[in-house]
S.K.: 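Below you'll find the structure I mean.
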Amino acid sequence: GHYDLDPRQAKRAAEVPGRAELEHDGCNLALVLRTILADPEKRRRAWSLIRVLLPFIEEIRVDAIAERSLIATVKEKYTAGTAIPSFLLSDGTINLTALVVILYFEEKPVVIIEESERNIHPHLIAKLVSMMQDVAFHLGRQVIVTTHHPEVVKYGGMESLLLLRRDREGYSVISR
């Protein structure tokens with residue numbers, strides 16, 4: 001699967017019915033989260049992964065709106081139990097949640113993610129790259145990430161790095 005997450009789309013309410021697989025821009029994140037959270041084992045696994053990246057989150061829920069749409073809500077330890085709808089969450093929180101879904105729940109043999117570090121706090125990049133490596137090594141998925149960010153390159157390791165550039169005629173050239 002190819003993903004270019006757009007937090008504005010991922011924050012929106014998702015239509016019911018909709019695709020069970022995450023759309024390339026994340027626009028049906030609430031619908032996919034509802035499916036994950038409905039399964040006790042997947043819920044436990046998702047929760048443990050999200051807590052690694054977002055330890056301030058106490059609960060994630062998906063609520064119905066007029067029986068036609070779904071919206072994700074989050075309770076943070078800073079909000080005294082008040083549920084925050086996804087459209088008020090930070091772009092980074094939405095992107096990290098969607099990246100956990102992509103990496104651990106989409107079950108595609110090849111995952112391509114455009115600029116995975118977009119909107120993510122720099123100190124979380126090492127954890128995110130570690131998760132990508134975990135998925136590649138333990139789940140046998142190929143994870144391809146485009147980036148211009150030096151921290152992603154640093155934590156990804158030189159042995160995993162492919163450089164894409166243009167030659168004098170404008171053709172793409174890939175090198176190690």
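Nothing here was measured: the structure is a model prediction, and the numbers come from that model.
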S.K.: At their closest point, which heavy atom of V143 faces which heavy atom of M132, and how far apart are they?
M.R.: CG2-O, 3.9 Å
S.K.: Counting N and O atoms only, with roles assigned by atom type, does the side chain of K11 sit under 3.5 Å from a partner on the main chain of L89, one being a donor and the other an acceptor?
M.R.: yes
S.K.: Looking at T73 and P85, would you say the former's side chain and the latter's main chain have a donor-acceptor pair under 3.5 Å?
M.R.: no
S.K.: Considering only heavy atoms from C-beta outward, does the side chain of F105 approach that of L33 to under 4.5 Å?
M.R.: no
S.K.: Look at the side-chain heavy atoms of Ile, Leu, Val, Met, Phe, Trp and Tyr, link any pair under 4.5 Å apart, and say whether L161 and I174 land in one connected group.
M.R.: no
S.K.: List the atom of R51, the atom of E58, and the distance in Å for their closest heavy-atom pair.
M.R.: NH1-CA, 4.3 Å
S.K.: Going by atom types only, do H149 and E115 share a side-chain donor-acceptor pair under 3.5 Å?
M.R.: no
S.K.: Check whether any side-chain heavy atom of L164 sits under 4.5 Å from a side-chain heavy atom of T146, and report yes or no.
M.R.: no
S.K.: What closest approach, in Å, do H24 and H2 show between heavy atoms, and which atom pair accounts for it?
M.R.: CB-O, 3.3 Å
S.K.: Rounded to the nearest 0.5 Å, how far does CD1 of I36 lie from CD of E41?
M.R.: 12.5 Å
S.K.: Provide the closest heavy-atom pair for A83 versus K75 in the form atom of the first, atom of the second, distance.
M.R.: CA-CG, 3.9 Å
S.K.: According to a 4.5 Å side-chain heavy-atom criterion applied to Ile, Leu, Val, Met, Phe, Trp and Tyr, with indirect links allowed, do L99 and I144 form part of one hydrophobic cluster?
M.R.: no
S.K.: Would you mind telling me which of E106, E23, E21 makes a side-chain contact (heavy atoms from CB on, under 4.5 Å) with V32?
M.R.: E106
S.K.: Checking Y3 against D25: is there a side-chain donor and acceptor pair closer than 3.5 Å?
M.R.: no
S.K.: Give a yes or no on whether V153 and I112 share a hydrophobic cluster (residues Ile, Leu, Val, Met, Phe, Trp, Tyr; joining criterion: side-chain heavy atoms under 4.5 Å apart).
M.R.: no
S.K.: Should the pair D4-R118 be classified as a salt bridge under the 4.0 Å nitrogen-to-oxygen rule?
M.R.: yes
S.K.: Show, in sequence, the C-alpha distance, side-chain angles and deciding distance for E117 and T147, and conclude whether the side-chain contact (heavy atoms from CB on, under 4.5 Å) test is met.
M.R.: CA-CA 8 Å; E117 74 285 349; T147 189; 3.1 Å; yes
S.K.: Just by modelled atom types, is the C27 backbone N or O under 3.5 Å from a matching donor or acceptor in the R12 side chain?
M.R.: no
S.K.: What distance do T93 atom OG1 and L53 atom CG have between them, rounded to the nearest 0.5 Å?
M.R.: 10.0 Å
S.K.: Closest approach of S69 and E15, non-hydrogen atoms and distance?
M.R.: OG-OE2, 3.9 Å
S.K.: For a 4.5 angstrom cut-off between non-hydrogen side-chain atoms, does V62 reach I71?
M.R.: no
S.K.: Can you tell if the side chain of E76 reaches within under 4.5 Å of the side chain of E59, non-hydrogen atoms only?
M.R.: no
S.K.: Show the numbers, then the answer: is there a side-chain contact (heavy atoms from CB on, under 4.5 Å) between I125 and V152?
M.R.: CA-CA 7 Å; I125 291 175; V152 174; 3.8 Å; yes
S.K.: In terms of side-chain geometry, is the basic nitrogen of R8 or D91 positioned less than 4.0 Å from the acidic oxygen of its partner?
M.R.: no
S.K.: Would you say D39 and R43 make side-chain contact, with heavy atoms under 4.5 Å?
M.R.: no
S.K.: Rounded to the nearest 0.5 Å, what separation is found between the CG atom of L128 and the OG atom of S116?
M.R.: 5.0 Å
S.K.: Please determine whether a side-chain nitrogen of the Lys or Arg among R165 and D167 lies less than 4.0 Å from a carboxylate oxygen of the Asp or Glu.
M.R.: no
S.K.: What do the steps show when you test M158 against R176 for side-chain contact (heavy atoms from CB on, under 4.5 Å), and what is the final call?
M.R.: CA-CA 8 Å; M158 292 302 289; R176 285 211 171 265; over 6 Å; no
S.K.: Do I102 and I113 touch side chain to side chain, with heavy atoms closer than 4.5 Å?
M.R.: yes
S.K.: Measuring from E114:CD to D6:CG, what's the distance to the nearest 0.5 Å?
M.R.: 13.0 Å
S.K.: Can you tell me how far apart CG (L103) and CG (L49) are? Round to the nearest 0.5 Å.
M.R.: 9.0 Å
S.K.: Are I65 and L88 in one and the same hydrophobic cluster, where Ile, Leu, Val, Met, Phe, Trp and Tyr link if side-chain heavy atoms are under 4.5 Å apart?
M.R.: yes
S.K.: Look at the side-chain heavy atoms of Ile, Leu, Val, Met, Phe, Trp and Tyr, link any pair under 4.5 Å apart, and say whether L5 and V110 land in one connected group.
M.R.: no
S.K.: Any side-chain heavy-atom pair from W47 and I60 closer than 4.5 angstrom?
M.R.: yes
S.K.: Calculate, to the nearest 0.5 Å, the distance between atoms CG and CG belonging to L70 and N28 respectively.
M.R.: 10.0 Å
S.K.: Which atom pair, heavy atoms only, marks the closest approach of A98 to L22?
M.R.: O-CD2, 4.1 Å
S.K.: With a 4.5 Å cut-off on side-chain heavy atoms, are M131 and Y104 touching?
M.R.: yes
S.K.: Quick check against the 3.5 Å criterion: does S130 have a side-chain atom that pairs as donor or acceptor with the backbone of A126?
M.R.: no
